[in-house]
Amino acid sequence: MTVVTRFAPSPTGLLHVGGARTALFCWLYARRMGGKFILRVEDTDRERSTEEAVRVILEGMAWLGLEADEGPYYQTERFDRYRRVISEMLKAGSAYRCYCAKEELDALREQQIARKEKPRYTGICRERTAPRPGVEPVVRFRNPLSGAVVVEDLVHGPVTFQNAELDDLIIARSDGTPTYNFCVVVDDMDMGVTHVIRGDDHLNNTPRQMNMLLALGVTPPAYAHVPMILGPDGTKLSKRHGAVSVLQYEQEGYLPDALLNYLVRLGWSHGDQEVFTREEMIAAFDIHDVNKAASAFNPEKLLWLNQQHMVRSPPTALIPHLRAQLRRLGTDSDDEQLLEGVIVAQRERAKTLKEMAENSRFFFSDDVRLDPKAAAKHLTADGIAGLGKVRARLAALKEWNAAAIHDALNTLATELQVGLGKIAQPVRVAVTGTAVSPPIDATLALLGRERALARLDSALAGT
RNA sequence: GCUCCCUUCGUCUAGAGGCCCAGGACAUAGCCCUCUCAAGGCUGUAACACGGGUUCGAAUCCCGUAGGGAGCGCCA
């Protein structure tokens with residue numbers, strides 16, 4: 001049997017890291033098993049669903065590279081199908097019309113809560129045959145009254161629910177539109193879903209869904225309820241930390257593979273391996289190995305992983321990402337050589353591409369503004385004097401490359417009987433504007449002779 | 001309140017009765033390297049929620065307790 005998984009977000013909010021991880025697990029498992037991954041948009045709540053949210057979810061999935069083999073399907077486009085199933089169930093007796101008014105049900109619920117009971121529908125209309133004038137009925141699923149449902153969960157193991165605990169849920173509203181739990185059931189059935197992988201907040205819905213599937217005469221799929229992601233403080237994910245669109249991470253200069261790598265390691269591991277490529281993730285992933293406990297989102301480890309991915313990725317692959325960040329800062333370059341050189345020089349001193357771009361502006365813009373503190377510290381009378389000597393040596397260089405520059409500076413330092421830092425720092429400030437940059441030889445080499453000398457001249461002229 | 005789920009270093013995790021006075025990673029502290037900043041290397045601090053069992057032996061099995069979470073909508 002071919003594995004079919006699905007990611008089924010509802011477009012009432014954005015695609016945050018929690019949803020992204022669920023999607024990742026679905027995608028990984030399908031890829032791993034050589035199966036199919038379906039994307040389905042659960043937009044039955046017309047009040048709260050927005051096209052904007054749909055767009056953001058689709059964009060997020062695309063950025064993450066979690067491509068679907070089928071879909072996106074939209075539940076709002078399947079209403080005819082749902083209606084047909086409902087009328088079949090009505091005919092078969094596995095569903096019935098309920099004429100209880102909303103106010104009556106609210107009152108009932110309040111009484112039950114007051115009595116410290118679990119609020120639930122008591123089945124008043126189960127045996128009703130005649131309609132009730134003036135009330136548009138809803139349709140309820142006739143849940144079995146006795147026995148138990150066992151969810152053979154792939155991450156939790158068997159979980160038993162007593163049917164007596166389950167009430168008759170509404171599958172069609174009084175306006176005739178189907179509800180979530182019902183649509184899921186029909187869709188999973190129609191789309192041949194074999195493995196439902198979703199957040200464990202759905203575990204409690206599962207026995208009802210299984211009962212409906214059983215009533216429809218189909219074998220329920222396998223279920224895997226994965227734990228939630230918590231905020232860094234161990235409480236529910238909020239806007240303050242992870243509950244932002246995954247696209248936010250693109251803006252912040254993260255690589256999609258790094259985010260995915262971080263997310264897959266939340267609740268799952270493979271020996272002592274921390275860094276995974278996409279291919280490695282697919283090869284190693286198994287839904288059975290996923291943990292049961294919720295885990296806290298740790299931005300620092302994400303940062304570390306992002307750097308690991310930047311360092312390991314081929315430099316040229318980062319060029320478009322770096323350029324996007326440079327553009328956000330108001331610069332850009334199409335000099336591939338320069339870009340690649342900057343990436344190699346900067347990737348181990350930046351955690352994100354955004355940071356890399358910020359640290360690298362001076363490579364692309366000749367508008368170098370000296371940091372006052374750095375200038376005060378290093379462009380002293382002594383420093384300027386050294387700068388003049390450096391300028392002369394560099395100007396005399398036959399070859400302009402890191403090794404030659406390195407030799408020249410080292411020789412000068414030895415002659416002057418000072419440490420290399422004594423002359424490198426003034427040069428760094430003159431050329432980059434700050435006291436921090438990649439090694440001075442590499443920096444000068446990347447900048448090129450003309451630009452480097454011009455900047456030294458500016459500093460010497462005190463402008 | 002009821003039902004269901006969860007519980008190893010600050011955080012992510014390894015661990016499926018002896019290999020564990022608990023291993024790795026992030027973070028953190030110190031040292032080394034060093035032209036700055038990093039990266040890297042080495043070293044350190046740091047955990048089996050608690051209480052009972054079972055067993056020659058338990059982080060691992062069983063039962064309780066505590067704490068956390070989810071669900072209980074004509075929301076998804």
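Residue numbers start from 1 in every chain, and the chains themselves are labelled A, B, ... in the order their sequence lines are given, proteins ahead of strands.
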Any donor-acceptor pair under 3.5 Å joining the side chain of A/Q112 to the base of B/G1?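 Donor-acceptor pair under 3.5 Å: no.
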Any donor-acceptor pair under 3.5 Å between the side chain of A/R48 and the base of B/C75?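 Pair found.
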Which nucleotide, in any strand shown, forms a Watson-Crick or G-U wobble pair with [N], with both distances under 3.5 Å?
N: B/C35; value: none
N: B/G17; value: none
N: B/C2; value: B/G71
N: B/A66; value: B/U7
N: B/U55; value: none
N: B/A29; value: B/U43

Contact class for [X] vs. all strands (heavy atom < 4.0 Å): base, sugar-phosphate, or nothing?
X: A/H202; result: base
X: A/E300; result: sugar-phosphate
X: A/V159; result: sugar-phosphate
X: A/D106; result: nothing
X: A/Y262; result: nothing
X: A/T12; result: nothing
X: A/R109; result: sugar-phosphate
X: A/T160; result: sugar-phosphate
X: A/T177; result: nothing

So, is [X] close to the [N] phosphate, meaning a side-chain N or O under 4.0 Å from OP1 or OP2?
X: A/S295; N: B/U13; value: yes
X: A/N291; N: B/A14; value: yes
X: A/K102; N: B/G73; value: no
X: A/R173; N: B/A76; value: yes
X: A/K292; N: B/C6; value: yes
X: A/S174; N: B/C74; value: no

Should [X] and [Y] count as an ion pair when the cut-off is N to O under 4.0 Å?
X: A/E415; Y: A/R393; answer: yes
X: A/R6; Y: A/D187; answer: no
X: A/E136; Y: A/R173; answer: no
X: A/E165; Y: A/K118; answer: yes

Out of [options], which has the shortest distance to the side chain of [X]?
X: A/K301; options: B/G10, B/G24, B/U13; value: B/G24
X: A/I170; options: B/C4, B/C2, B/C74; value: B/C74
X: A/P119; options: B/A76, B/C72, B/U13; value: B/C72
X: A/A293; options: B/U7, B/A76, B/C4; value: B/U7
X: A/R265; options: B/C12, B/A70, B/A76; value: B/C12

Distance check needed: [N] [atom2] versus [X] [atom1], whole Å only.
X: A/L230; N: B/U13; atom1: CG; atom2: P; value: 11 Å
X: A/I171; N: B/A76; atom1: CD1; atom2: C1'; value: 17 Å
X: A/N205; N: B/C72; atom1: CG; atom2: P; value: 7 Å
X: A/N204; N: B/G71; atom1: CG; atom2: P; value: 8 Å
X: A/L14; N: B/A76; atom1: CG; atom2: C1'; value: 15 Å
X: A/Q209; N: B/G71; atom1: CD; atom2: P; value: 14 Å
X: A/Q273; N: B/A25; atom1: CD; atom2: C1'; value: 12 Å
X: A/L302; N: B/A25; atom1: CG; atom2: P; value: 19 Å

Interatomic distance at [atom1], [N] relative to [M], whole Å:
N: B/A70; M: B/C75; atom1: C1'; result: 15 Å
N: B/C4; M: B/A46; atom1: P; result: 40 Å
N: B/A14; M: B/C20; atom1: C1'; result: 11 Å
N: B/C42; M: B/C33; atom1: P; result: 15 Å
N: B/G10; M: B/G52; atom1: C1'; result: 30 Å
N: B/C21; M: B/C48; atom1: C1'; result: 13 Å
N: B/C50; M: B/U11; atom1: P; result: 15 Å
N: B/U7; M: B/U13; atom1: P; result: 11 Å

Side-chain contact test, heavy atoms from C-beta onward, threshold under 4.5 Å: evaluate it for [X] versus [Y] and give yes or no.
X: A/I171; Y: A/R140; result: no
X: A/L28; Y: A/L24; result: yes
X: A/S146; Y: A/N163; result: no

Given RNA chain B, 5'-ward residue of the pair A/D200 and A/P158, judged by closest heavy atom: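 Looking at RNA chain B, the more 5' nearest nucleotide goes with A/P158.
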Hey, which sits more toward the 5' end of RNA chain B by its nearest nucleotide, A/P178 or A/G234?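 This one resolves to A/G234.
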Under 3.5 Å donor-acceptor, A/E280 side chain and A/T277 backbone: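 Present.
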Under 6.0 Å between the ring centres of A/F25 and A/F285?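 Under 6.0 Å, so yes.
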Does A/R78 make a cation-pi contact with A/Y73 (under 6.0 Å, within 45 degrees of the axis)?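 Cation-pi check for A/R78 and A/Y73: fails.
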Between A/Y262 and A/W304, is a ring pair (Phe, Tyr, Trp, His ring centres under 6.0 Å) present by the stated rule, with each step listed? CA-CA 10 Å; A/Y262 177 71; A/W304 175 78; over 10 Å; no
Within the 4.0 Å limit for protein heavy atoms, which parts of nucleotides 35-47 of chain B are touched? Write it as a string from 5' to 3', B for base, S for sugar-phosphate only, - for none. BBBBSS-------
Is it true that A/S437 and A/R428 share a donor-acceptor pair across their side chains at a distance under 3.5 Å?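 Yes, a side-chain donor-acceptor pair sits under 3.5 Å.
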